[in-house]
Undergrad: 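Mind looking over this structure? Questions follow.
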There are 2 protein chains.
Amino acid sequence: MYERKTPLTIDCGLHLTKEVLNGKWKPALLNAISMNVKRPSELLRLFPGATRRVLNVQLKELEGHGMVEKKTYPQLPPKVEYSLTEIGWSLMPIIDAMNQWGDANRSFLETVITQDPKIVETSKAICPMYKRMSVVPKIG
Amino acid sequence: MYERKTPLTIDCGLHLTKEVLNGKWKPALLNAISMNVKRPSELLRLFPGATRRVLNVQLKELEGHGMVEKKTYPQLPPKVEYSLTEIGWSLMPIIDAMNQWGDANRSFLETVITQDPKIVETSKAICPMYKRMSVVPKIG
DNA sequence: CAGAATCCACCAGGATACTG
DNA sequence: CAGTATCCTGGTGGATTCTG
């Protein structure tokens, strides 16, 4: 069983972190960017369930929170690249942990979550794409 | 800098985890319960910003997802106690990581988040209580 | 290719009041 | 003490359209 080391705080840091990760696509965006999927059009392709607008909004929030850096090349056609900041990178262990936990408990989670009428499509929507991307994208 | 071990998946497990933790008070609730704050009235006191109704809803979802177990004592007055299931406990490293990350970057985060008009009160609302609870609650 | 402006639907979650 | 019903609103995020 899991042993807690620091029983100090209740949830304050928790809420700050939750704020940063608050948004349907933010963890996924951070994850993707960390894997060198850094251009808007690529991200858009990666998340068929998301609109350009929504992605832009969430990326802007991530940028505003200092997790992501945006580089705009003044060309025609325009080119934009996102990258993780240092603090953004420091978030990756959490993202990875979430990813691994979800994967490790997939069968159970899919069962209990499918009971729930609301989420089904949302969580499923992403999975096919995840198959397609099983090969690490190499861009840039 | 952080080294990624498994560049395999993109975000599928991520979404499952996000689903489970999806809800304003869920991580905080799990955290509290893990620290033996297990009775509804205590939880209610712990989160002044939350209504009984909302807490009930989120607890019921957590229960439905198998993260939490609810024990009802058929007494008068009624007594209810929540506890983490095994899989619920397996979530704690993630919660702790979020907590620690938020704490470690508190000053920075509070700055960048306060730029944002919307969140301010939400994240602040919890903090005073966190002071009061700096001593680990001993109940049950 | 990238982004901004509008419009809008939906639901999470807050307020209130009542029951056991 | 615990739970539920009802009502309501604010914000997220989806669809669409237009510019550079």
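First the proteins, then the strands, lettered A, B, ... as listed; each starts at 1. Keep in mind that the numbers below use all heavy atoms, side chains included, and drop hydrogens, waters and symmetry copies. This structure is a prediction, so every number in the text was calculated from the model and none was measured.
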Undergrad: For residues B/Phe47 and B/Ala32, report the shortest heavy-atom separation together with the two atoms involved.
TA: CZ-CB, 4.1 Å
Undergrad: Are B/Lys60 and D/dT4 close enough that a side-chain N or O sits under 4.0 Å from OP1 or OP2?
TA: yes
Undergrad: Would you mind reading off the distance between B/Asn56 atom CG and C/dA12 atom P, rounded to a whole angstrom?
TA: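 For the pair B/Asn56 CG and C/dA12 P, the rounded distance is 16 Å.
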Undergrad: Looking at residues at least two apart in the chain, or sitting in another chain, which of them share a side chain to side chain contact (heavy atoms under 4.5 Å, CB included) with B/Ala97?
TA: A/Ile94
Undergrad: Please work out if B/Gln75 contacts a base, only the sugar-phosphate, or nothing of the nucleic acid, heavy-atom cut-off 4.0 Å.
TA: nothing
Undergrad: Rounded to 10°, tell me the angle between the two end axes of the helix from C/dC1-D/dG20 to C/dG20-D/dC1, each built from five pairs.
TA: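 Inter-axis angle at the ends, rounded: 40°.
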Undergrad: Rounded off to whole Å, could you give me the OH-to-P distance for the A/Tyr82 and C/dC1 pair?
TA: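 Atom-to-atom, A/Tyr82 to C/dC1, this comes out as 15 Å.
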Undergrad: B/Leu55 has an atom CG; how far is it from atom C1' of D/dC1, in whole Å?
TA: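 In whole Å, D/dC1 C1' lies 14 Å from B/Leu55 CG.
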Undergrad: Show each protein N/O and nucleotides 14-20 of chain C N/O combination with a separation under 3.5 Å, one pair to a line.
TA:
from: C/dG14; atom 1: OP1; to: B/Lys24; atom 2: NZ; distance (Å): 2.6
from: C/dG14; atom 1: OP2; to: B/Trp25; atom 2: NE1; distance (Å): 3.1
from: C/dG14; atom 1: N7; to: B/Arg53; atom 2: NH1; distance (Å): 3.3
from: C/dG14; atom 1: O6; to: B/Arg53; atom 2: NE; distance (Å): 3.4
from: C/dG14; atom 1: O6; to: B/Arg53; atom 2: NH2; distance (Å): 3.3
from: C/dA15; atom 1: N6; to: B/Arg53; atom 2: NE; distance (Å): 3.4

Undergrad: Within this structure, what is the CG-to-P distance between B/Leu44 and D/dT4, rounded to whole angstrom?
TA: 14 Å
Undergrad: Contact class for A/Lys26 vs. all strands (heavy atom < 4.0 Å): base, sugar-phosphate, or nothing?
TA: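 It contacts nothing in the nucleic acid.
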Undergrad: Does C/dA2 have OP1 or OP2 under 4.0 Å away from a side-chain N or O of A/Lys70?
TA: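 So the side-chain polar atoms of A/Lys70 never come under 4.0 Å of the phosphate oxygens OP1 or OP2 of C/dA2.
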Undergrad: Quick one: CE on B/Met98 to CE on B/Met92, what's the gap to the nearest 0.5 Å?
TA: 11.0 Å
Undergrad: How many whole angstroms separate atom CG of B/Asn22 from atom C1' of C/dG13?
TA: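 Taking atom C1' of C/dG13 as the reference, CG of B/Asn22 is at 12 Å.
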Undergrad: How far apart are the closest heavy atoms of A/Ser107 and A/Thr111, and which atoms are they?
TA: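 Looks like O-OG1, 2.8 Å.
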Undergrad: If I compare all heavy atoms of B/Ser90 with all of A/Trp101, which pair ends up nearest, and what's the gap?
TA: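 Taking every non-hydrogen atom into account, OG-NE1, 2.8 Å.
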Undergrad: Under the rule for salt bridge (Lys or Arg N to Asp or Glu O under 4.0 Å), what residues qualify as partners of A/Lys26, not counting sequence neighbours?
TA: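 Applying salt bridge (Lys or Arg N to Asp or Glu O under 4.0 Å) to A/Lys26 gives A/Glu61.
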Undergrad: In this structure, how many angstroms lie between the P atom of D/dA2 and the CG atom of B/Leu59, rounded?
TA: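 To the nearest whole Å, that distance equals 11 Å.
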Undergrad: Under the side chain to side chain contact (heavy atoms under 4.5 Å, CB included) rule, collect the residues that match up with A/Glu69, sequence neighbours excluded.
TA: A/Ser83, A/Thr85
Undergrad: List in chain and number order the residues that pass side chain to side chain contact (heavy atoms under 4.5 Å, CB included) with A/Pro27, two or more places apart in sequence or in another chain; answer none if no residue qualifies.
TA: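 Per chain and number, A/Pro27 pairs via side chain to side chain contact (heavy atoms under 4.5 Å, CB included) with A/Leu21, A/Ile95, B/Leu14, B/Lys18.
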Undergrad: For the pair made of CD in A/Gln58 and P in D/dG14, what is the distance, rounded to whole Å?
TA: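 After rounding, the gap between these two atoms is 8 Å.
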Undergrad: For A/Phe47 and D/dT12, what is the distance between atoms CZ and P respectively, to the nearest whole Å?
TA: 19 Å
Undergrad: Check this one for me: any side-chain N or O of A/Thr72 less than 4.0 Å away from OP1 or OP2 of C/dA2?
TA: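 The answer is no; no side-chain N or O of A/Thr72 sits under 4.0 Å from OP1 or OP2.
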Undergrad: Taking side chain to side chain contact (heavy atoms under 4.5 Å, CB included) as the definition, give me every residue that meets it alongside B/Ser41, ordered by chain and number, with sequence neighbours left out.
TA: B/Arg39, B/Arg45
